[in-house]
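Counting starts at 1 for both ligands and their atoms, in listed order.
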Amino acid sequence: MSAIHRALKEHFGFDRFRSQQQEDAVKAVLKGDRDVFVCMPTGAGKSLVYQLPALLSSGITLVISPLIALIQDQVEHLKALNVPARSINSKLPSAERRQILADLESESPRLKLLYITPEMVASPSFQPCLSSLCSRGLLAYLAVDEAHCVSQWGHDFRPDYLKLGDLRSRLRDVPCVALTATAPQRVQEDIERSLKLRSPLLFATPVFRKNLKYDVIFRDLLPEPYVHLLAFAKEALGGNTAEKGCGIVYCRTRESCEEVAHKLTKLGISAKPYHAGLKAGDRTESQADWMADKVPVIVATISFGMGVDKANVRFVVHWNVAKSLASYYQESGRAGRDGLPSSCRIYYSPKDRDQLGFLIRKEISRKQEKRGSQKEQDKAPIQDFEAMVAFCEQEGCRHATISQFFGNQKPNCAGACDFCRDPKLVRAQLARAAVLSTS
Ligand code: ADP
Ligand code: MG
Ligand code: ZN
């Protein structure tokens, strides 16, 4: 057994790496000669990519993370594993803080991982400690977790994260590891630039999943949309086969959740609504019944699905268009986690597009009025939405559009989207929609 595998077992109790990619990324970080950029979905095990090398190297790894709560969770988890990890933050009792600083000032500190927010790392009170660690060459790595926070195009941009560029310049010889979940290409580029990464090695999970079939149906062209939805759901669930599957229908409003669930149930597939307007008990019941395969279809607002990991989701329908291509990828990606063929469909409607576009612009003006000024990143939600609209209204491979949006090569779709299966049908639908919009 290699030293890396031994350490994986000894410190974390894991017999093997989660994935080849996790292993490759750990090894690249350990080698220490290049910056490393990790883009893997939530739950893929990104933390290990810097935690294991931190334990195998001499010196201290500085971990930047956006929230004290997040930091505390991680530090508690590591302490339970007997890993010397601490955090310095504003909530720390001063005795403990003195203790940590004393360790860091000592000749050979015991600490291996120091978690800290970007605000704290920039604060004057931390500078003497940081300078001393730097000048004594005691920093092994700089890890920037949730790195999308540095990007003005990232969904939770934090101005203080931008100062990390300066930190990076001060730590010129310390290799940097940036980690984020799957992010759009321009967010990735922004991260590289802001953190001054030097031609980093990229470890990114490919976004293309060949078991997912994508298509777009123009809802306003259908004489009976609910019957159409029913037929789709039935086919995706495989008729009367013994093997149970299930599906998710996403709607924008509570009312449409209720309406769609009611219609589907009446037409013969039992479906339950899930939204914030339900009593907590009813909402929990909807989810539990769906999780237990008692009810095959859940009709939900996008608040549903965070942390839900169900293997046999055979379809994800968007009854209303999603607010960005990135969220659409994430939401539709809840289908087919078991690797079996599954379908992702948008019931697109230009009326819907205009309504959502209006709401997005209204939200931006509300923010601007509150702030009293405009900012470059205010445009991000509009551009994100435009990418979603283009996906629906395009003549082209849907998988290719998604892959390219996340900076991946064009994949071999091989008929896993409506356009590649039958481009004429997609063109005909667009032509009919164009006629409808002018009439
Ligand atoms: P991410 O930051 O990518 O969302 P985390 O680092 O929080 O993911 O890890 C998610 C979960 O996976 C954690 O519970 C972690 O302990 C577990 N995990 C990480 N690596 C492995 C592994 N090699 N084997 C088994 N579980 C792992
Ligand atoms: Mg993480
Ligand atoms: Zn295609």
Does any N/O atom on Lys46 come nearer than 3.5 Å to any N/O atom on ligand 1?
yes

Top protein contact for atom 10 (C) of ligand 1, by heavy-atom distance:
Gly43 O, 3.8 Å

Is the backbone N or O of Ala335 less than 3.5 Å from a side-chain atom of Arg314, with the two atoms forming a donor-acceptor pair by type?
no

Using a 6.0 Å distance limit plus a 45 degree cone around the ring axis, check whether Arg252 lies over the aromatic ring of Trp319.
no

Between ligand 1 and His77, is the shortest N or O to N or O distance under 3.5 Å?
no

At under 4.0 Å between heavy atoms, which part of Pro41 makes contact with ligand 1: side chain, backbone, both or neither?
backbone

Cation over ring face, Lys379 and Trp153, 6.0 Å, 45°:
no

Any Lys/Arg nitrogen of Arg337 or Asp309 sitting under 4.0 Å from an Asp/Glu carboxylate oxygen of the other?
yes

Short side-chain to backbone donor-acceptor contact, Glu192 and Gln188, under 3.5 Å:
no

Heavy-atom distance under 4.5 Å between the side chains of Glu146 and Leu179, does that happen here?
no

Give me the residue, atom name and distance of the protein heavy atom closest to atom 20 (N) of ligand 1.
Gln22 NE2, 3.0 Å

Given 3.5 Å as the limit, does a donor-acceptor pair link the side chain of Lys112 with the main chain of Ser57, or not?
yes

Sub-4.0 Å atoms of ligand 1 with respect to non-hydrogen atoms of Thr42:
4 (O)

Below 3.5 angstrom, do we get any N/O pair linking Leu8 and ligand 1?
no

For Phe17, counting its heavy atoms only, list the atoms of ligand 1 lying under 4.0 Å from any of them.
23 (N)

Does the structure place the NZ or CZ of Arg398 under 6.0 Å from the centre of the six-membered ring of Phe391, at an angle of no more than 45° from the ring's axis?
yes

Distance to 0.1 Å, residue and atom name: give those for the protein heavy atom nearest to atom 11 (C) of ligand 1.
Arg18 NH1, 4.1 Å

Between Asp35 and Arg168, does any side-chain N to carboxylate O distance fall below 4.0 Å?
yes

Which segment of Arg16 sits under 4.0 Å of ligand 1 when only heavy atoms are counted:
backbone

Can the ring centres of His5 and Phe17 be said to be less than 6.0 Å apart?
yes

Under 2.8 Å: N/O/S of Cys420 next to the Zn ion (ligand 3)
yes

Students should be able to answer this: which protein heavy-atom is nearest to atom 9 (O) of ligand 1, and at what distance?
Gly45 CA, 3.5 Å

Measuring to protein heavy atoms, does anything land under 4.0 Å from atom 14 (O) of ligand 1?
no

Any idea which of Phe14, Tyr50, Phe12 brings a heavy atom closest to atom 21 (C) of ligand 1?
Phe14

the protein heavy atom lying closest to atom 6 (O) of ligand 1 turns out to be Ser47 OG, 2.5 Å

